[in-house]
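Convention: sequence-line order gives letters A, B, ...; per-chain numbering from 1. We use all heavy atoms of the structure for the numbers below, so side chains are in, but hydrogens, waters and symmetry mates are not. All figures in this text were calculated on a predicted structure; none of them were measured in a lab.
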Amino acid sequence: KNEVEQSPQNLTAQEGEFITINCSYSVGISALHWLQQHPGGGIVSLFMLSSGKKKHGRLIATINIQEKHSSLHITASHPRDSAVYICAVYGGATNKLIFGTGTLLAVQP
Amino acid sequence: EPEVTQTPSHQVTQMGQEVILRCVPISNHLYFYWYRQILGQKVEFLVSFYNNEISEKSEIFDDQFSVERPDGSNFTLKIRSTKLEDSAMYFCASNGFRTDTQYFGPGTRLTVL
């Protein structure tokens, strides 16, 4: 069983839609990352959070430590948001990142 | 803005050959990591490195793998005798404190023929 599960695996949305991607984890963590991976392969950190909620532009991330669950929301989605969104948790003694399988988002104009 | 760099961007090698993947972490960072992503799969942790020694390594990181920080700027991953299954994208990452955001390099795509 994966330590970090994401849903959905694939998501197609129309431009302007509100998008939610979910992440559940089964290990104790110190923090959780939301990352974005573009087709070229590069990985960019969007958020790191250990409690509550963070907002950056049209992106909002929330985490519920008790329920071991986090969500990433994209408001007013745009085709340039099309990418793979990855949830990763800090675990272990050295804070290695444990990755989910990613959610492939396609936003159509 | 400081960034993590990796070279080469793409490396093609024959099975059994040694390869060295290079990373230049952000200059004031102290913690360094290697991850890999086999095509179509999730990113996996390989090794973390701090204070000139390995802090943690995964089951993947066997005797064929080694890491080194040969000078004050470079951080390298060596694969001694490559196998077909080593074909993957290899990402280097770094952070200033263990609990900080990790910053990723653009990756090196390794193809073993």
Side-chain angles (χ1 to χ4, degrees), chain A residues 1-10 21 23-51 54 56 59 61 63 65 70 72 83-104, chain B residues 1-6 8-11 23 26 29-51 53-61 67 87-111:
Chain A
K1 186 183 187 306
N2 287 325
E3 294 167 297
V4 181
E5 299 272 3
Q6 283 184 240
S7 64
Q9 287 191 310
N10 293 283
I21 299 170
C23 174
S24 297
Y25 52 92
S26 58
V27 294
I29 70 168
S30 57
L32 181 145
H33 259 294
W34 279 102
L35 305 146
Q36 183 189 57
Q37 185 172 32
H38 278 284
I43 296 174
V44 175
S45 177
L46 299 172
F47 293 103
M48 187 180 80
L49 64 165
S50 54
S51 65
K54 284 191 176 179
H56 184 218
L59 302 178
I63 188 168
I65 295 291
S70 176
L72 176 69
V84 176
Y85 291 84
I86 304 171
C87 170
V89 300
Y90 276 126
T94 59
N95 262 10
K96 67 185 180 195
L97 282 172
I98 304 168
F99 287 77
T101 51
T103 294
L104 176 59
Chain B
E1 187 177 320
E3 58 182 19
V4 178
T5 60
Q6 289 185 243
S9 56
H10 191 190
Q11 172 97 46
C23 169
I26 293 173
H29 283 183
L30 301 174
Y31 296 84
F32 313 112
Y33 310 83
W34 283 102
Y35 298 90
R36 80 169 186 192
Q37 185 178 32
I38 294 170
L39 188 63
Q41 297 186 21
K42 66 180 181 179
V43 179
E44 301 171 288
F45 168 77
L46 290 178
V47 66
S48 57
F49 190 87
Y50 169 71
N51 201 25
E53 60 183 26
I54 290 173
S55 307
E56 186 175 356
K57 58 184 181 179
S58 70
E59 293 173 354
I60 304 165
F61 195 88
V67 288
S87 294
M89 183 78 105
Y90 288 81
F91 292 101
C92 171
S94 69
N95 57 6
F97 294 98
R98 194 168 55 84
T99 52
D100 274 357
T101 298
Q102 288 184 23
Y103 291 87
F104 286 80
T108 293
R109 182 167 299 283
L110 176 65
T111 303

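- When ring centroids are compared, B:Y35 and A:F99 come within the 6.0 Å threshold.
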What donor-acceptor contacts under 3.5 angstrom involve side-chain atoms of residues 38-51 of chain A, with partners at least two apart or in another chain?
from	atom 1	to	atom 2	distance (Å)
A:H38	NE2	A:Q36	OE1	3.1
A:S45	OG	A:H33	ND1	3.2

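- Atom NZ of A:K96 sits about 7.5 Å away from atom OG of B:S58, to the nearest 0.5 Å.
- Dense packing is recorded around CZ of B:F61, with more than 12 heavy atoms of other residues, nucleotides or ligands lying under 6.0 Å away.
- With chain A as partner, the option from B:R109, B:Q37, B:M89 having the largest number of non-hydrogen pairs under 4.5 angstrom is B:Q37.
- Heavy atoms closer than 4.5 Å to chain A are found nowhere in B:Q41, neither backbone nor side chain.
- Annotation: side chain to side chain donor-acceptor pair (under 3.5 Å) contacts of B:S87 (sequence neighbours excluded): none.
- Looking at B:D100, only its backbone comes within 4.5 Å of chain A, counting heavy atoms on both sides.
- You'll find the side chain of A:Q37 stays beyond 4.5 Å of the side chain of B:F104, heavy atoms only.
- Shortest non-hydrogen contact noted between A:Y90 and B:N95 is OH-ND2, 4.1 Å.
- The CG atom of A:L97 sits 13.5 Å away from the CD atom of B:E44 when rounded to the nearest 0.5 Å.
- Within 6.0 Å of the NE2 atom in A:H56, the count of heavy atoms belonging to other residues, nucleotides or ligands does not exceed 12.
- Within a 6.0 Å sphere centred on NZ of B:K57, heavy atoms belonging to other residues, nucleotides or ligands number 12 at most.
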